[in-house]
Amino acid sequence: MNKRSVTHATFVIERSYPAAPERVFAAFADPAKKRRWFAEGPQIEEFEMEFQVGGRERKRFHFTQGPACTNDAIYLDIVPHRRIVFAYTMAMGEVRFSSSQATVEFIASERGTDLIFTDQGAYFEGADGPQVREAGWGKLLEQLASAVAK
């Protein structure tokens with residue numbers, strides 16, 4: 001049997017933030033707020049966002065000296081302060097290396113907000129793979145903690 005050309009994986013990251021769900025949700029919904037935790041730094045070339053069902057988001061950045069990495073997303077479902085579902089692809093230069101659907105849930109808790117991030121991905125030949133992607137989202141959600149604390 002030939003080696004498969006795609007790897008499928010699902011991961012879930014859970015975090016708690018000492019802020020109301022409205023504040024944590026706003027960090028995803030407001031383009032200026034999201035840019036601060038999701039798309040800041042010298043490696044960012046482009047960040048555009050249209051937060052509505054059917055709206056698109058684009059982030060273009062560099063990991064290294066090589067070609068730019070592009071993250072293109074479309075919002076599939078938005079329930080204010082409760083849920084965001086989006087599909088996204090990632091490419092290095094012109095070569096797409098993954099496609100995912102992500103769900104972000106915001107649950108009010110005694111501490112503020114419990115966030116559940118679920119990513120269902122397909123990783124193509126040469127992809128970063130699910131472990132690297134999970135680590136990347138983990139880092140982004142840590143940066144979110146700083147953003148909602150301010």
Side-chain angles (χ1 to χ4, degrees), residues 6-64 67-93 95-124 127-150:
V6 64
T7 299
H8 297 273
T10 298
F11 61 85
V12 177
I13 301 173
E14 296 185 21
R15 295 283 191 271
S16 293
Y17 300 100
E22 294 80 8
R23 184 175 181 140
V24 181
F25 182 89
F28 280 85
D30 180 289
K33 291 177 182 176
K34 186 167 186 186
R35 182 179 180 114
R36 278 187 223 120
W37 67 269
F38 185 75
E40 277 299 313
Q43 71 278 14
I44 301 298
E45 291 182 4
E46 175 184 0
F47 179 74
E48 298 174 356
M49 180 179 162
E50 181 187 6
F51 189 75
Q52 63 182 16
V53 173
R56 299 198 176 265
E57 180 178 302
R58 181 176 180 87
K59 175 178 157 182
R60 188 172 160 87
F61 58 100
H62 282 273
F63 283 121
T64 62
C69 187
T70 306
N71 179 334
D72 285 310
I74 183 167
Y75 291 100
L76 304 174
D77 184 57
I78 299 170
V79 179
H81 318 299
R82 294 194 50 217
R83 178 178 66 240
I84 302 168
V85 180
F86 58 97
Y88 67 99
T89 59
M90 294 192 72
M92 185 70 70
V95 179
R96 183 172 294 122
F97 61 86
S98 69
S99 177
S100 296
Q101 179 170 302
T103 303
V104 187
E105 298 173 81
F106 307 86
I107 302 164
S109 71
E110 291 179 10
R111 297 173 305 282
T113 302
D114 290 337
L115 182 143
I116 302 171
F117 179 90
T118 304
D119 188 288
Q120 300 164 289
Y123 303 88
F124 314 136
D128 56 355
Q131 294 83 12
V132 174
R133 184 68 52 83
E134 183 173 0
W137 273 109
K139 182 177 179 185
L140 287 169
L141 294 174
E142 287 173 20
Q143 292 172 192
L144 172 63
S146 298
V148 298
K150 295 178 181 177

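Because the structure is predicted, anything quoted here is derived from the model rather than measured.
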Checklist entry - What is the distance from atom OG1 of Thr70 to atom OH of Tyr88, rounded to the nearest 0.5 Å? => result 14.0 Å
Item to check | Within-4.5 Å side-chain heavy-atom neighbours: Phe25 and Ile84 | outcome: yes
Checklist entry - What residue pairs, at least two apart or across chains, pass salt bridge (charged side-chain N to carboxylate O under 4.0 Å, His left out) with a residue in residues 98-117? => result Arg111-Asp114
Checklist entry - What residue among Phe106, Phe86, Phe51 forms ring pair (Phe, Tyr, Trp, His ring centres under 6.0 Å) with Phe28? => result Phe106
Checklist entry - Run the side-chain contact (heavy atoms from CB on, under 4.5 Å) check on Gln143 and Phe38 step by step: do they pass? => result CA-CA 8 Å; Gln143 292 172 192; Phe38 185 75; over 6 Å; no
Item to check | Within-4.5 Å side-chain heavy-atom neighbours: Thr103 and Arg83 | outcome: yes
Item to check | Closest non-hydrogen atom pair, Phe117 against Asp119 | outcome: CE2-CB, 3.7 Å
Item to check | Any residue meeting ring-ring contact (aromatic ring centres under 6.0 Å, His included) with Phe47, in chain and number order, not counting sequence neighbours | outcome: none
Checklist entry - Partners of Arg36 by salt bridge (charged side-chain N to carboxylate O under 4.0 Å, His left out), sequence neighbours excluded? => result none
Checklist entry - Heavy-atom distance under 4.5 Å between the side chains of Met90 and Arg133, does that happen here? => result yes
Checklist outcome for this item: Between the CE atom in Met49 and the CD atom in Glu57, the distance rounded to the nearest 0.5 Å is 5.5 Å
Checklist outcome for this item: Closest non-hydrogen contact found for Val24 with Val148 is CA-CG1, 3.9 Å
Checklist entry - Can you name the nearest heavy-atom pair linking Glu134 to Ile13, along with the distance? => result O-CD1, 3.7 Å
Item to check | Nearest heavy atoms of Lys59 and Ala39, plus distance in Å | outcome: CD-CB, 4.1 Å
Next on the checklist: Taking the side chain as everything from C-beta on, heavy atoms only, tell me whether Arg56 gets closer than 4.5 Å to Glu48.
Outcome noted: no
Next on the checklist: Checking Phe11 now: which residues fulfil ring-ring contact (aromatic ring centres under 6.0 Å, His included) with it, not counting sequence neighbours?
Outcome noted: none
Checklist entry - What's the shortest heavy-atom distance between Ser100 and Gly121, and which atoms? => result OG-CA, 3.5 Å
Checklist outcome for this item: Residues at least two apart in sequence or cross-chain that pass ring-ring contact (aromatic ring centres under 6.0 Å, His included) with Tyr123, listed by chain then number, are none
Item to check | Minimum heavy-atom distance between Leu144 and Ala27, given as atom pair plus value | outcome: CD1-CB, 3.4 Å
Item to check | ring-ring contact (aromatic ring centres under 6.0 Å, His included) against Tyr17, all qualifying residues, sequence neighbours excluded | outcome: none
Checklist entry - At what distance, to the nearest 0.5 angstrom, does CG of Asp72 lie from CZ of Arg96? => result 7.5 Å
